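A quick note: this is a predicted structure, and the numbers were derived from the prediction, not measured. Computed from heavy atoms alone, side chains included, the values below leave out hydrogens, waters and symmetry copies. Each residue takes its place number in the sequence, starting with 1.
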Amino acid sequence: MPGKLSPAEGEERVDAALTWLLDHIGAPPKLIRRLHAEGGVKLAGDRLRLHLFPPRTSSYAPLIAELDLLVEDDWCLVVHKPAGLKVHPDGAGTVAPVLQSGLTTTPPNTLANQVSGLYALRGEAVAAAHIHRLDEYTSGPVLFAKNEYAQLKLDEAMSRKVIHRTYIAFVQGVVDPELKIIDLPIGRDRHHNQRRRVSPGGKPAVTHVERLEVFPQHNLSLVRLTLETGRTHQIRVHLSHAGHPLAGDTLYGGDTRWLPYQALHGESLAFPHPFTGEMVEVADPWPRALNQLYEQIQ
């Protein structure tokens, strides 16, 4: 509700409304111009109406599953991803199921498909798009945009590095309390398709490390990690290079004595709300497996 807009000389009220949206609300310019061209921006007295929530069909086949929703409103969704679940399919199964020989193919079991199933079950025409990813065996919160406006704003926030993610990990060895930051570039490992490695020719990568607790009798440490960058396997590569591979992370030298996968969890997520701009902070409690590990090594 911009109220009584005062158009500049020779300016239409709709043009003044567009200026207000861009300058005062920070609306995505490309989206607002497209909406205006398509008749999606209308003035009704002192009220400004925008067609921001058109029905959309998800490109991910819906899969009905029990989801742990952490935060949701009309703009975005934050959902817990458990270890062992991919965020999205690996190039296959991204479209709706099709009939083959009279049988319907089963949608892939990924977080994106489950979120699509959530809105299908509710009867809501929402095509939620994930803004970031987590490794298959890393648990934690994943942020989704529920409409184009939110997606554009959150993608911009990611590029400006104002979406903050904090992780906890159990790593091997007793971490030196002086280890505060790992600033080393990361590139592909030409000897292993799945691995990344610290490489002078890689992309810049910065990981901040805080030692929380040590368990010398088990040769383990608990650390909190924050990222300035989001390279593939960044935490796993940096900690392994520092001599502290994550417990359970066999790809980077970890021991599976404690877990069969990396002991890494995203404990919190903070992001600017796509419409209000206010910071939204979301906590994601430790999964049972990490709580059990913590109790085991006390």
Side-chain angles (χ1 to χ4, degrees), residues 60 65 67-68 70 78-94 108-115 129-144 158 161 163-172 182 184-189 191-199 202-209 222-242 244-256 258-269 271 282-291 293:
Y60 296 101
L67 281 170
D68 184 2
L70 302 175
V78 181
V79 59
H80 167 78
K81 187 193 83 66
L85 184 70
K86 294 179 180 179
V87 171
H88 59 84
D90 292 335
T94 58
N109 186 17
T110 75
L111 192 65
N113 293 93
Q114 291 184 10
V115 168
H130 55 84
I131 301 302
H132 62 97
R133 293 186 292 268
L134 293 174
D135 289 347
E136 180 177 357
Y137 286 95
T138 299
S139 56
V142 176
L143 173 62
F144 287 80
M158 279 292 289
K161 300 180 181 180
I163 294 181
H164 306 294
R165 290 167 286 171
T166 302
Y167 300 81
I168 60 95
F170 290 90
V171 301
Q172 294 176 200
I182 304 174
L184 294 169
I186 292 176
R188 290 184 176 273
D189 187 335
H191 302 296
H192 196 298
N193 288 335
Q194 293 183 327
R195 284 173 57 99
R196 301 295 190 272
R197 66 185 181 90
V198 168
S199 169
K203 295 181 179 179
V206 180
T207 303
H208 294 268
V209 182
L222 174 63
V223 294
R224 177 172 289 126
L225 307 145
T226 55
L227 306 180
E228 286 189 25
T229 51
R231 308 302 174 205
T232 300
H233 297 179
Q234 178 172 322
I235 288 173
R236 300 163 66 186
V237 172
H238 271 173
L239 271 294
S240 178
H241 185 82
H244 300 290
L246 274 62
D249 190 2
T250 56
L251 188 61
Y252 293 102
D255 190 336
T256 58
W258 307 107
L259 279 179
Y261 53 85
Q262 66 263 19
L264 180 63
H265 171 68
E267 68 172 359
S268 67
L269 171 71
F271 61 94
V282 184
D284 192 348
W286 288 19
R288 179 182 300 176
L290 293 188
N291 278 315
L293 171 57

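- Residues L225 and T166 are not in side-chain contact: their nearest non-hydrogen atoms beyond the backbone lie 4.5 Å or more apart.
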E267/R224 under side chain to side chain contact (heavy atoms under 4.5 Å, CB included): CA gap, chis, key distance, verdict: CA-CA 9 Å; E267 68 172 359; R224 177 172 289 126; 2.5 Å; yes
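- Atom CD of Q262 is separated from atom CD of E136 by 9.0 Å, given to the nearest 0.5 angstrom.
- Looking at every heavy atom in both residues, A169 comes nearest to L264 through CB-CD1, 3.8 Å.
- Taking 4.5 Å as the limit, every side-chain heavy atom of L269 sits out of range of all side-chain heavy atoms of H164.
- Taking the side chain as every heavy atom from C-beta outward, V78 and V142 never approach each other to under 4.5 Å.
- Under 4.0 Å is where a charged nitrogen must lie from a carboxylate oxygen, and between R236 and D135 at least one such pair does.
- In this structure, H265 and D284 have side chains that are in contact, with non-hydrogen atoms separated by less than 4.5 Å.
- Taking 4.5 Å as the limit, some side-chain heavy atom of V282 sits within range of a side-chain heavy atom of F271.
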Side chain to side chain contact (heavy atoms under 4.5 Å, CB included), that's the test. Do R165 and S268 meet it? Break it down for me. CA-CA 6 Å; R165 290 167 286 171; S268 67; over 6 Å; no
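- Inter-residue side-chain proximity for T226 and Y167 is flagged as unmet; no heavy-atom pair is nearer than 4.5 Å.
- Between Y252 and H233, the distance separating the two ring centers is shorter than 6.0 angstrom.
- L111 has its side chain within reach of V79: a pair of non-hydrogen atoms, C-beta onward, lies under 4.5 Å apart.
- Q172 and D255 share no side-chain donor-acceptor pair at under 3.5 Å.
- Going from atom CD1 of I182 over to atom NE2 of H244 covers 8.5 Å, rounded to the nearest 0.5 Å.
- Distance CG/L251 to CG/L246: 11.5 Å, rounded to 0.5 Å.
- Nearest heavy atom pair, residue P141 against residue G266, reads CD-O, 3.0 Å.
- Two residues are said to be in side-chain contact when any heavy atoms from C-beta on lie closer than 4.5 Å; Q114 and L85 meet this criterion.
- Considering all non-hydrogen atoms of both residues, N113 and P89 come closest at OD1-CG, 3.4 Å.
- Looking only at distances, no side-chain donor or acceptor of H132 sits under 3.5 Å from a matching main-chain atom of G230.
- For A289 against L259, the heavy-atom pair with the smallest separation is CB-CD2, 4.1 Å.
- Scanning all heavy atoms of the two residues, the minimum distance from P287 to S139 falls at CG-OG, 3.6 Å.
- Atom CG of residue L184 and atom OG of residue S199 lie 10.5 Å apart, to the nearest 0.5 angstrom.
- In this structure, T229 contributes its side chain and V206 its backbone to a donor-acceptor pair below 3.5 Å.
- A donor-acceptor contact under 3.5 angstrom links the side chains of T207 and H238, judged on distance only.
- Between H130 and F144, the angle of the ring planes goes over 60°, which puts this pair in the perpendicular group of the 30/60° scheme.
- The one candidate from R196, R195, R231 that meets the side-chain contact (heavy atoms from CB on, under 4.5 Å) condition with V237 is R196.
- Listed for the K81 side chain is no donor-acceptor partner under 3.5 Å among the backbone atoms of T110.
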Side chain to side chain contact (heavy atoms under 4.5 Å, CB included), that's the test. Do N291 and L293 meet it? Break it down for me. CA-CA 5 Å; N291 278 315; L293 171 57; over 6 Å; no
For D249 and Y261, run side chain to side chain contact (heavy atoms under 4.5 Å, CB included): C-alpha distance rounded to whole Å, both residues' side-chain angles, the deciding distance at 0.1 Å, then the answer. CA-CA 5 Å; D249 190 2; Y261 53 85; over 6 Å; no
